[in-house]
Every structure is written in structure tokens, then in C-alpha cells.
Participant: 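Encoded as C-alpha cells, here's the structure I'll be asking about.
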Amino acid sequence: MPIVVDIDVMLARRKMSVSALAERVGITPANLAVLKNGRAKAVRFTTLEALCEALECQPADLLRWERP
């Protein structure tokens, strides 16, 4: 998939667990895992905004495009 999700990178940089991030964002750890592992078909802007706020980052820190 050409869109790569780097949530795990930001979690490591912020020394935060998946469960702590899920709680801050207001989604289940299972749904966060779907996003984190790149299996999501879509991401709501409200979810992306909450992720950026919780991780103190920009959307480009979480998502990037790679040539197939």
C-alpha cells in the first residue's frame, strides 16, 4: 500500500503506549491497531486531529506516501 502509517514511530518518540493513546483519542485499542498497522480504509479528520493533538505532531508525521 502506498500510504504508510507511522503512528508506531510517534508512539515510540513520545514513549506512549497504544492503550494510553487510544484513551486520549477516544477510540478503542483495536481500532487504533487497525490504523497503526495500515489496515484502515479511511481515517476521519476528527480522528486524525485527535491523534495529532495527543501526539503533539502534524498529520505528515503520521502519514506518508511511498512509491509502489
Side-chain angles (χ1 to χ4, degrees):
M1 177 179 265
I3 300 295
V4 178
V5 181
D6 287 328
I7 292 175
D8 54 344
V9 173
M10 291 306 296
L11 282 170
R13 287 183 183 167
R14 301 297 188 251
K15 296 181 178 147
M16 187 183 298
S17 69
V18 171
S19 58
L21 180 60
E23 186 175 320
R24 285 187 185 185
V25 172
I27 62 176
T28 66
N31 283 339
L32 183 56
V34 169
L35 286 172
K36 187 173 85 66
N37 295 324
R39 295 188 316 250
K41 299 291 183 195
V43 179
R44 292 179 188 230
F45 281 137
T46 54
T47 303
L48 184 58
E49 180 182 1
L51 286 166
C52 289
E53 185 176 343
L55 292 168
E56 298 179 2
C57 66
Q58 295 295 313
D61 295 326
L62 302 176
L63 303 171
R64 61 186 162 89
W65 178 78
E66 282 189 355
R67 191 169 303 279

Participant: Quick one: list whatever passes side-chain hydrogen bond (donor to acceptor under 3.5 Å, both in side chains) with Arg64, sequence neighbours left out.
Facilitator: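 Partners of Arg64 by the side-chain hydrogen bond (donor to acceptor under 3.5 Å, both in side chains) criterion, ordered by chain and then number, come out as Asp6, Glu66.
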
Participant: Do Lys36 and Val18 make a side-chain contact, defined as non-hydrogen atoms from C-beta onward lying under 4.5 Å apart?
Facilitator: yes

Participant: Can you hop from Val34 to Ile3 via hydrophobic side chains spaced under 4.5 Å?
Facilitator: no

Participant: With side chain to side chain donor-acceptor pair (under 3.5 Å) as the rule and sequence neighbours excluded, what pairs involving residues 17-31 come up?
Facilitator: Ser17-Ser19, Thr28-Asn31

Participant: Pair up each side-chain donor or acceptor in residues 43-53 with any protein partner under 3.5 Å, not counting sequence neighbours, and list the distances.
Facilitator:
none

Participant: Mind running side chain to side chain contact (heavy atoms under 4.5 Å, CB included) on Ile7 and Leu32 for me, showing each step along the way?
Facilitator: CA-CA 9 Å; Ile7 292 175; Leu32 183 56; 4.3 Å; yes

Participant: Can you list everything that forms a side chain to side chain contact (heavy atoms under 4.5 Å, CB included) with Asp61? Sequence neighbours excluded, please.
Facilitator: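 Testing Asp61 for side chain to side chain contact (heavy atoms under 4.5 Å, CB included), a comparison that skips the adjacent residues, returns Met10, Cys57, Gln58.
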
Participant: Could you go through Leu11 and Leu55, starting from their C-alpha distance and side-chain angles, then the distance that decides it, and tell me whether this counts as side chain to side chain contact (heavy atoms under 4.5 Å, CB included)?
Facilitator: CA-CA 7 Å; Leu11 282 170; Leu55 292 168; 4.3 Å; yes

Participant: With sequence neighbours left out, write down each residue that passes side chain to side chain contact (heavy atoms under 4.5 Å, CB included) with Pro29, or none if nothing qualifies.
Facilitator: Ala22

Participant: Within this structure, what is the CG-CZ distance for the pair Leu21 and Arg14, rounded to the nearest 0.5 Å?
Facilitator: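 Output value for this atom pair is 11.0 Å.
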
Participant: Would Leu63 and Val9 show up in the same hydrophobic cluster when neighbours are defined by side-chain heavy atoms closer than 4.5 Å?
Facilitator: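 Unlinked, Leu63 and Val9 end up in two clusters.
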
